[in-house]
Amino acid sequence: MEDLSQVLRHRREKLAALRERGVEPFAYNFDPTASSLDAIAGFEADEAAEGLSEAGHGTSVRVAGRIVGWRDMGKSVFAHIEDRAGRVQIYFKKNALGDDSFDLLGLVDLGDWIGTEGGTFRTRTGEVTVHAQSWTLLTKSLRPLPFGKVETDPDTGERIVHSGFTDQETRYRQRYADLAVHPEVREAFRTRSKIITALRRFLDNEGFLEVETPVLQPLYGGASAKPFVTTHHALDQTMYLRIADELYLKRLIVGGLDRVYEISKDFRNEGLSRVHNPEFTMLEWYQAFSDYEDQMALVERMVLFVLDEVIGSRTIRAGGEDVTVSTPFRRLGLIDGLSQALGTDVHEMTDAALRAKAEELKVPDLGGAGRGKLVDKLFGELVEPGLIQPTFVIDHPKELSPLAKPHRNDSRLTERFELYIGGAEIFNAFSELNDPIDQRQRFEGQAALRAAGDDEAQPIDDDYIRALEYGMPPTGGVGMGVDRFVMMLTGQTSIRDVILFPILRTEE
RNA sequence: GACCCGGUAGCUCAGCUGGCAGAGCAACUGACUUUUAAUCAGUAGGUCCUGGGUUCGAUUCCCAGCCGGGUCACCA
């Protein structure tokens with residue numbers, strides 16, 4: 001006999017007892033006629049139409065679900081089952097089921113899946129309930145789920161959970177158990193799915209084509225990040241998991257697919273945090289003939305569309321404040337914002353003065369940061385945390401943006417924006433650099449940084465240059481961190497709460 | 001990577017200054033045919049994260065490690 005804990009042993013014993021009595025504990029199928037909530041709604045409709053039987057029963061239903069509540073009264077049992085729609089109470093009565101069927105209920109546990117059929121009725125306390133005429137075990141659960149006791153506050157109707165399942169580590173490692181006992185977690189991931197569907201619908205309506213580009217790439221690019229590296233054996237070739245989709249999508253613009261988007265898993269070999277998971281979901285789109293101004297307008301429409309379609313409110317909880325989203329979003333030049341914060345025109349400051357300011361503020365990890373990086377660090381320190389209301393931060397220094405087009409009015413800057421909401425960066429976009437000669441120079445600048453030890457500088461992609469040489473029309477492009485977008489819309493504060501299976505160290 | 005907090009029954013947690021390991025819920029046995037945190041009576045259940053050390057004796061103190069959470073750093 002396996003060395004099982006007492007609770008697991010009891011379940012195995014019940015499994016054996018079921019088989020002894022000729023019951024298959026792992027059934028093959030069941031055919032419900034209604035969801036839990038449909039069963040309740042059906043009864044209420046019958047009741048309103050005065051269509052109940054003399055016994056007070058509505059239409060008979062077949063429902064199936066996981067047992068989440070069990071109150072044994074001796075010769076009757078009240079249980080709750082839960083399915084995708086919600087929960088409904090089942091009433092098992094000995095003289096309605098017969099002795100054999102009723103006695104088998106003794107081998108049922110919380111967490112088992114069952115199907116049942118019967119008429120619906122309203123109990124003395126008013127709850128619409130299925131009066132079981134028959135029931136069947138669909139799956140025996142051999143491991144107890146960590147259900148809390150659920151109480152409904154009689155005054156407020158609020159759901160109070162006692163002794164619930166709260167250990168973060170176990171909830172992430174055993175997401176199946178977390179989902180099984182937490183309807184609100186299931187709901188959060190349904191919302192995530194709806195948000196992604198809404199994003200797709202929005203872009204489809206705008207005439208974009210959804211495409212798929214390589215996850216395994218011979219050369220990575222499109223962002224500054226360390227990649228995961230692997231080997232393809234047959235080709236005997238080093239491959240990288242993509243860190244961004246950008247360069248492949250822009251190749252498609254060159255090819256004449258002039259509005260494309262991709263929703264992808266990207267991978268960055270970096271640390272984990274509340275807002276970083278090494279594997280994360282990115283949405284990128286590229287639109288020919290548009291610039292970053294056009295894309296700011298598109299992003300505004302997109303955010304409102306998703307809020308209206310999915311959340312049903314334009315007020316969300318972000319960065320610890322209620323944020324009411326209204327367009328147009330505020331625009332703030334990165335240099336202007338920093339100049340205001342410093343009380344000095346940044347353009348007038350020497351590199352040494354910027355560095356001195358950064359050191360004064362104890363900005364960490366300055367290293368050999370150049371002017372652009374200093375400006376960016378100072379902005380991040382002084383301005384970013386206050387960007388709670390939706391704000392486009394625009395016109396970043398050139399050296400920070402090797403794939404962005406030079407600003408039409410200021411060659412030191414690029415046409416770029418990042419959208420901040422709740423203090424978090426969620427969108428990043430440019431007027432895309434399409435001059436292949438300039439692009440090669442930018443790549444070479446990156447190569448120099450790389451040679452100087454910056455392992456996140458972007459490698460030179462000759463094939464991408466070749467594509468640009470054929471001619472890429474003026475193009476606006478946007479990248480969005482989907483996980484962070486979902487966090488923002490749903491008020492979650494950890495990225496792990498919007499990713500079903502976040503990365504954790506392996507057990508043992 | 002640094003710092004702080006945590007790891008005890010299936011779950012949620014208590015365990016004082018080192019002295020036989022505790023509760024609630026879940027489980028098990030019994031009672032109960034409209035209950036809903038059902039109720040009542042009883043029973044069982046432990047690698048106190050791991051490995052060392054100190055001690056007559058360690059869940060407790062010390063050291064090292066593992067795993068998680070948080071903060072910071074990194075990640076434009």
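Below, chain A is the first sequence line, B the second, and so on; all start at residue 1. When reading the values below, keep in mind they use all heavy atoms of this one structure, side chains included, and skip hydrogens, waters and symmetry mates. Please read these numbers as outputs of a predicted model, since none were measured by experiment.
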Margin query: How many whole angstroms separate atom CG of A/Asp167 from atom C1' of B/rC49?
Written below: 12 Å
Notebook entry, point to check: Across all strands, who's sitting opposite B/rG18 as a Watson-Crick or G-U wobble pair, both distances under 3.5 Å?
Noted result: none
Notebook entry, point to check: If you take atom types as modelled and just measure distance, does the side chain of A/Ser76 reach the base of B/rU34 with a donor-acceptor pair under 3.5 Å?
Noted result: no
Next item on the list: Could you give the distance separating B/rG10 and B/rA26 at their C1' atoms, to the nearest angstrom?
Entry: 7 Å
Checklist line | Partner of A/Phe392 under ring-ring contact (aromatic ring centres under 6.0 Å, His included), chosen from A/Phe427, A/Tyr292, A/Phe329 | finding: A/Phe329
Check: From B/rG68, B/rU12, B/rG10, pick the nucleotide closest to the side chain of A/Phe165?
Finding: B/rU12
Check: Looking at A/Glu82 and A/Arg186, does any basic side-chain N land under 4.0 Å from a carboxylate oxygen?
Finding: yes
Check: Any salt bridge between A/Asp109 and A/Lys140, counting N to O under 4.0 Å?
Finding: yes
Next item on the list: Could you let me know what B/rG42 is paired to, Watson-Crick or G-U wobble, both distances under 3.5 Å, or none if it's on its own?
Entry: B/rC28
Margin query: With a 4.0 Å limit, can you tell me whether A/Lys149 has a side-chain N or O closer than that to the phosphate oxygens OP1/OP2 of B/rA26?
Written below: yes
Notebook entry, point to check: Considering only side-chain heavy atoms of A/Lys14, which listed nucleotide, B/rU33, B/rA26, B/rA27, is closest?
Noted result: B/rA27
Check: Would you call A/Glu279 and A/Lys265 a salt bridge, taking side-chain N to carboxylate O under 4.0 Å as the test?
Finding: yes
Note to self: Distance alone, cut at 3.5 Å: any donor-acceptor contact between the side chains of A/Arg171 and A/Gln168?
What the structure shows: yes
Note to self: What's the closest nucleotide to the side chain of A/Thr123 if the choices are B/rU35, B/rC11, B/rU71?
What the structure shows: B/rU35
Checklist line | Proximity to the side chain of A/Leu504 - top-ranked nucleotide from B/rC67, B/rA27, B/rG69 | finding: B/rG69
Checklist line | Distance-only donor-acceptor check, side chains A/Ser35 and A/Asp83, under 3.5 Å | finding: no
Next item on the list: Could you check which of B/rU12, B/rU35, B/rU33 has an atom nearest any side-chain atom of A/Asn95?
Entry: B/rU33
Check: Donor-acceptor pair under 3.5 Å: do we get one between A/Glu127's side chain and the base of B/rU35?
Finding: no
Item checked: Nucleotide paired to B/rU55 in any strand shown, Watson-Crick or G-U, under 3.5 Å -> none
Check: Counting side-chain heavy atoms from C-beta on, which of B/rU33, B/rA76, B/rC67 comes nearest to A/Met73?
Finding: B/rU33
Next item on the list: For the side chain of A/Arg124, starting at C-beta, report the closest nucleotide among B/rU34, B/rG69, B/rU71.
Entry: B/rU34
Next item on the list: Please determine if a side-chain N or O atom of A/Arg496 lies less than 4.0 Å away from the OP1 or OP2 oxygen of B/rG70.
Entry: yes
Next item on the list: Establish, with yes or no, whether the OP1 or OP2 oxygen of B/rG10 is under 4.0 angstrom from a side-chain nitrogen or oxygen of A/Arg143.
Entry: no
Next item on the list: Determine which nucleotide pairs with B/rA23, using a 3.5 Å limit on both distances of a Watson-Crick or G-U wobble pair.
Entry: B/rU12
Check: Under the 3.5 Å rule, do the base of B/rA27 and the side chain of A/Arg9 count as making a donor-acceptor pair?
Finding: no
Notebook entry, point to check: Which parts of residues 55-70 of chain A get close to RNA chain B, meaning a heavy atom less than 4.0 angstrom away?
Noted result: none
Notebook entry, point to check: Just wondering, more than 12 heavy atoms not from A/Arg450 lying within 6.0 Å of its CZ?
Noted result: yes
Next item on the list: Tell me whether the OP1 or OP2 atom of B/rU39 has a side-chain N or O from A/Arg71 closer than 4.0 Å.
Entry: no
Margin query: Please classify the nucleic acid contact of A/Phe147 as base, sugar-phosphate, or nothing, using heavy-atom distances under 4.0 Å.
Written below: nothing
Notebook entry, point to check: Between A/Lys377 and B/rC74, is there a side-chain N or O to OP1/OP2 distance below 4.0 Å?
Noted result: yes
Next item on the list: Determine, step by step, whether A/His396 and A/Val375 satisfy the side-chain contact (heavy atoms from CB on, under 4.5 Å) criterion, reporting the C-alpha distance in whole Å, the side-chain angles of both residues, the deciding distance to 0.1 Å, and the verdict.
Entry: CA-CA 9 Å; A/His396 299 58; A/Val375 167; over 6 Å; no
Notebook entry, point to check: Nearest of B/rU33, B/rC67, B/rA76 to any side-chain atom of A/Tyr91?
Noted result: B/rU33
Check: Which nucleotide sits closest to the side chain of A/Val7: B/rU34, B/rG10, B/rA44?
Finding: B/rG10
Margin query: Using the P atom as the point on both nucleotides, what is the distance between B/rC5 and B/rC20, in whole Å?
Written below: 28 Å
Notebook entry, point to check: Would A/Glu381 and A/Lys357 pass as an ion pair if we require N to O under 4.0 Å?
Noted result: no
Checklist line | Nearest-nucleotide pick for A/Pro146, side chain only, options being B/rU34, B/rC11, B/rC32 | finding: B/rC11
Notebook entry, point to check: So which nucleotide does B/rC72 pair with, by the Watson-Crick or G-U wobble rule with both distances under 3.5 Å?
Noted result: B/rG1
Notebook entry, point to check: If we call it a pair only when both distances are under 3.5 Å in a Watson-Crick or G-U wobble match, what pairs with B/rC48?
Noted result: none
Item checked: Short side-chain N/O contact to B/rA27 OP1/OP2 from A/Arg11, under 4.0 Å -> no
Next item on the list: Evaluate the criterion side-chain contact (heavy atoms from CB on, under 4.5 Å) for residue pair A/Leu283 and A/Phe485; output intermediate values, then yes/no.
Entry: CA-CA 10 Å; A/Leu283 165 61; A/Phe485 188 63; over 6 Å; no
Note to self: My understanding is that a pair needs two contacts under 3.5 Å, Watson-Crick or G-U wobble. By that rule, which nucleotide pairs with B/rG6?
What the structure shows: B/rC67
Note to self: Reading RNA chain B from 5' onward, which residue's closest nucleotide shows up sooner: A/Asp376 or A/Gly74?
What the structure shows: A/Gly74
